[in-house]
Peer 1: 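One structure, as structure tokens, below. Some questions next.
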Amino acid sequence: MSTATKIASPDDPQFKLFGDSPPDSGGPRLKTAVGSGRRFVTGDAKAIFLGTIRLEEYLRQAGQTVPFTVASLLGEQDWCAFEERYGATGRAPYSPRLMLGLILYGVMQGVHSLRELERLARLDLGCMWVTGGITPDHANIGRFIVMHEDSLTQGFFESLTGSILKATQAPSKRLAGDGTVIEAACSHYKLLKEEAVKARAEAARGALEQDAGDAAQREYQASARCLEIFEERERARKRSGRSTDTLSISGTEPEAMVQRLKRGRGRAASYKPSVLANENRIITAMAIDASSETKVVGAMLDQSARVIGAQVEEVLFDAGYFDDGVIAATLERDISLLCPEGQEPGVLKASKVFHKSSFHYDPSTNTYRCPVGQVLSLVRTTGATTSTRAHSLYGTTACGSCAHRANCTKMAKRRIKRHPEDEQRDALRQVMEQQQVRGIFGQRKAMVEPVFSHMRAQQGLNRFRRRGLSAVKREFALHVLAYNLARAAALLKAKFFARLAALSVLSAARNCYRQFQQRILKVPRLPHPNFRHMVVGVPI
């Protein structure tokens, strides 16, 4: 037998004699904003009926708590920044709160298409409660997203996340960071190499000279931008000493970087989004870059401080963030960094030969000691140049007769470069060797790994659907906002049931104690539950 809550049928044509009857909505309502004085089209969710049952009552009977949580959190926000972007005259636009509620609720359900969002507003009951019953078309939804790009990625995200942290009372002194690779909105079969990029730019220039139309102008600008980005990446590879033979770029999405995807899906033009999440898996900071997860760490730490209201005490990263820039960013902000160099704390980085971390540095003698026990002394010190960092070179002459030479180097002698930042790296390695630190770092996977799993599985973030870095940032911001709302709904629901269970346990304990009094102590049943009496020193 099913234990699901039974919902009253809305098909009964008989109205209760003294009950409420569905009122005539009379079409959309206009409401004047307090801050800007602009009039907006709004709705009233409490005036929506399903037959003779109010929508609010129907959703509560069905156990649907997410729409109420989303509407409540959005209602707490300040919408002045959104309202001020509209002109003072002309046709009244839809209320920003209701429009963004529609978009975020749709993303929570895995709906991304503007036309599907338009359909969702008309058919989904939970969406009707969030939006108040407004029914914008796909064009209005698209213009709204583009118009409020800045607020979505910065101010509104910080404001909404702060409200979620306050509502859930989630601890945020310790954060965990992670990133992933999401494929861009372009074909990975049409990547261009250097010759093709230059040929495209030359052909676009020739076409523009023959016909200066709008289409030729757009193609010329796109090809010139593609060539500019390609040459910039080519110079970056040459500075780092890497080969440029495999360098390629997408002609339709040049800002995306061609790189290896997750789960063995090969290489394609993609972006790298990154997040910081607290112990309740609420995202407190987000960023996106074409190729690097470490460059955005400093900006994310600052954003987390604004959201939380204070700087975090500790941040956890995996081995991919064992980087001088990440270490410097945390030291500058006085944040404790826990980040292993290998896959696990205390495990050396995987390498075909002895990694540099296998060599122990002795600051008292300014020497290195190799895994076999040989001493590497200072050979020379080199200052910084345009292509290399300042470093000290260490080496030994004992490599020729060493039995482990094949596991150490292919050269005649092993050399070790020590940079000024290596002192901070050595200190971090020593921290990660402590047993207590390993236990704390073990929480990182549970804190941040499920975040992108949820976005991929529930919200459909397997590929970006907009082109250009700015559009991708908008899209990712909507996914993060929707994810945080979903987490808030889950946490508040769990907290409610935890309190309900605690009250049930307390009620059961009181009943047991009363039965004990009646059967063992022979205490008569009290006439009123609030009456207090003392029997043989035991409070009732």
Side-chain angles (χ1 to χ4, degrees), residues 7 10 25 27-31 33 40-50 53-79 82-83 92-138 140-145 147-148 151-152 156-157 159-161 163-164 167-168 282 454-455 458-460 475 477-493 496:
I7 302 176
S25 62
R29 298 188 305 143
L30 297 179
K31 183 177 180 181
F40 291 92
V41 177
T42 185
D44 186 6
K46 294 185 178 181
I48 301 175
F49 281 76
L50 295 177
I53 301 178
R54 290 184 181 273
L55 176 62
E56 179 179 9
E57 181 181 352
Y58 184 88
L59 292 175
R60 294 192 186 279
Q61 291 179 3
Q64 299 298 312
T65 60
V66 174
F68 298 102
T69 302
V70 173
S72 175
L73 290 171
L74 292 179
E76 297 175 0
Q77 307 310 308
D78 182 8
W79 298 94
F82 290 81
E83 295 168 352
Y94 287 105
S95 168
R97 183 181 72 83
L98 303 182
M99 288 289 288
L100 191 54
L102 165 62
I103 297 168
L104 295 180
Y105 189 82
V107 176
M108 291 170 66
Q109 314 303 319
V111 178
H112 313 94
S113 167
L114 298 180
R115 293 185 183 273
E116 287 298 321
L117 287 173
E118 176 184 345
R119 177 181 174 86
L120 189 75
R122 288 163 169 78
L123 300 180
D124 190 276
L125 299 180
C127 188
M128 290 181 186
W129 178 263
V130 174
T131 62
I134 65 170
T135 55
D137 62 11
H138 63 279
N140 285 328
I141 300 172
R143 285 193 291 267
F144 178 86
I145 295 174
M147 177 183 294
H148 303 290
S151 297
L152 294 177
F156 184 76
F157 165 76
S159 172
L160 180 60
T161 305
S163 298
I164 292 174
T168 58
I282 296 175
H454 179 94
M455 289 187 183
Q458 303 297 326
Q459 299 178 191
E475 184 177 353
L478 291 175
H479 276 281
V480 171
L481 288 168
Y483 169 83
N484 277 349
L485 287 173
R487 282 301 299 161
L491 290 172
L492 292 175
K493 185 176 181 179
F496 169 78

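Because the structure is a prediction, the values reported are computed rather than measured.
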Peer 1: Could you check if a side-chain atom of Leu491 sits within less than 4.5 angstrom of a side-chain atom of Ile282, using non-hydrogen atoms only?
Peer 2: yes
Peer 1: Do the non-hydrogen side-chain atoms of Leu160 and Gln77 ever get within less than 4.5 Å of each other?
Peer 2: yes
Peer 1: Provide the closest heavy-atom pair for Val130 versus Pro67 in the form atom of the first, atom of the second, distance.
Peer 2: CG2-O, 3.7 Å
Peer 1: For Ile134 and Met99: C-alpha separation, side-chain torsions, deciding distance, then whether side chain to side chain contact (heavy atoms under 4.5 Å, CB included) applies.
Peer 2: CA-CA 8 Å; Ile134 65 170; Met99 288 289 288; 4.3 Å; yes
Peer 1: For the atom pair CD1 (Ile103) and CG (Leu120), what is the distance rounded to the nearest 0.5 Å?
Peer 2: 11.5 Å
Peer 1: Got Thr131 and Tyr105 here, is their nearest side-chain heavy-atom distance under 4.5 Å?
Peer 2: no
Peer 1: Which atom pair, heavy atoms only, marks the closest approach of Pro96 to Phe82?
Peer 2: CB-CB, 3.7 Å
Peer 1: Using the rule given for side chain to side chain contact (heavy atoms under 4.5 Å, CB included), can you reason through Phe49 versus Tyr58, listing the C-alpha separation, both sets of side-chain angles and the distance that settles it, and then say yes or no?
Peer 2: CA-CA 9 Å; Phe49 281 76; Tyr58 184 88; over 6 Å; no
Peer 1: Considering non-hydrogen atoms only, spot the tightest contact between His454 and Ala486 and give its length.
Peer 2: NE2-CB, 4.3 Å
Peer 1: Is there a side-chain contact between Leu100 and Leu478 in this structure, where contact means two heavy atoms from C-beta onward sitting under 4.5 Å apart?
Peer 2: yes
Peer 1: Less than 4.5 Å apart, any side-chain heavy atom of Leu117 and any of His138?
Peer 2: no
Peer 1: How long is the span from the CZ atom in Arg54 to the NZ atom in Lys46, to the nearest 0.5 Å?
Peer 2: 9.0 Å
Peer 1: Is the distance from the ring center of Phe144 to that of Tyr94 below 6.0 Å?
Peer 2: no
Peer 1: Using 0.5 Å steps for rounding, measure from the CG atom of Leu104 to the OH atom of Tyr483.
Peer 2: 15.0 Å
Peer 1: Would you say the side-chain atoms of Trp79 pair up with the backbone N or O of Leu74, donor to acceptor, closer than 3.5 Å?
Peer 2: yes
Peer 1: Can you list the steps and then say if Ile141 with Leu102 is a side chain to side chain contact (heavy atoms under 4.5 Å, CB included)?
Peer 2: CA-CA 9 Å; Ile141 300 172; Leu102 165 62; 3.8 Å; yes
Peer 1: After noting the C-alpha distance and the side-chain angles of Thr69 and Leu485, does the key distance pass the side chain to side chain contact (heavy atoms under 4.5 Å, CB included) rule?
Peer 2: CA-CA 8 Å; Thr69 302; Leu485 287 173; over 6 Å; no
Peer 1: Compare all side-chain heavy atoms of Leu50 with those of Leu125 and state whether any distance is below 4.5 angstrom.
Peer 2: yes
Peer 1: For the residue pair Asn140 and Arg143, confirm or rule out a side-chain donor-acceptor distance under 3.5 Å.
Peer 2: yes
Peer 1: To the nearest 0.5 Å, what is the distance between CE (Met108) and CG (Leu481)?
Peer 2: 11.0 Å
Peer 1: A side-chain contact here means heavy atoms from C-beta on lying under 4.5 Å apart; do Leu98 and Phe40 qualify?
Peer 2: no
Peer 1: When rounded to the nearest 0.5 angstrom, what distance separates CG in Leu152 from CD in Glu475?
Peer 2: 12.0 Å
Peer 1: What heavy-atom pair brings Gln459 and Val107 nearest, and what distance separates the two atoms?
Peer 2: CG-O, 3.5 Å
Peer 1: So, Thr168 side chain and Ile164 main chain: donor-acceptor pair closer than 3.5 Å or not?
Peer 2: yes
Peer 1: In the structure I gave you, are the side-chain heavy atoms of His479 and His112 within less than 4.5 Å of one another anywhere?
Peer 2: yes
Peer 1: If you take all heavy atoms of Cys127 and Ala121, which pair is closest and at what distance?
Peer 2: SG-CA, 3.9 Å
Peer 1: Roughly how far apart are Leu73 CG and Leu492 CG, rounded to 0.5 Å?
Peer 2: 7.0 Å
Peer 1: Taking atom CZ of Arg122 as the centre, report whether more than 12 heavy atoms of other residues, nucleotides or ligands fall under 6.0 Å from it.
Peer 2: yes
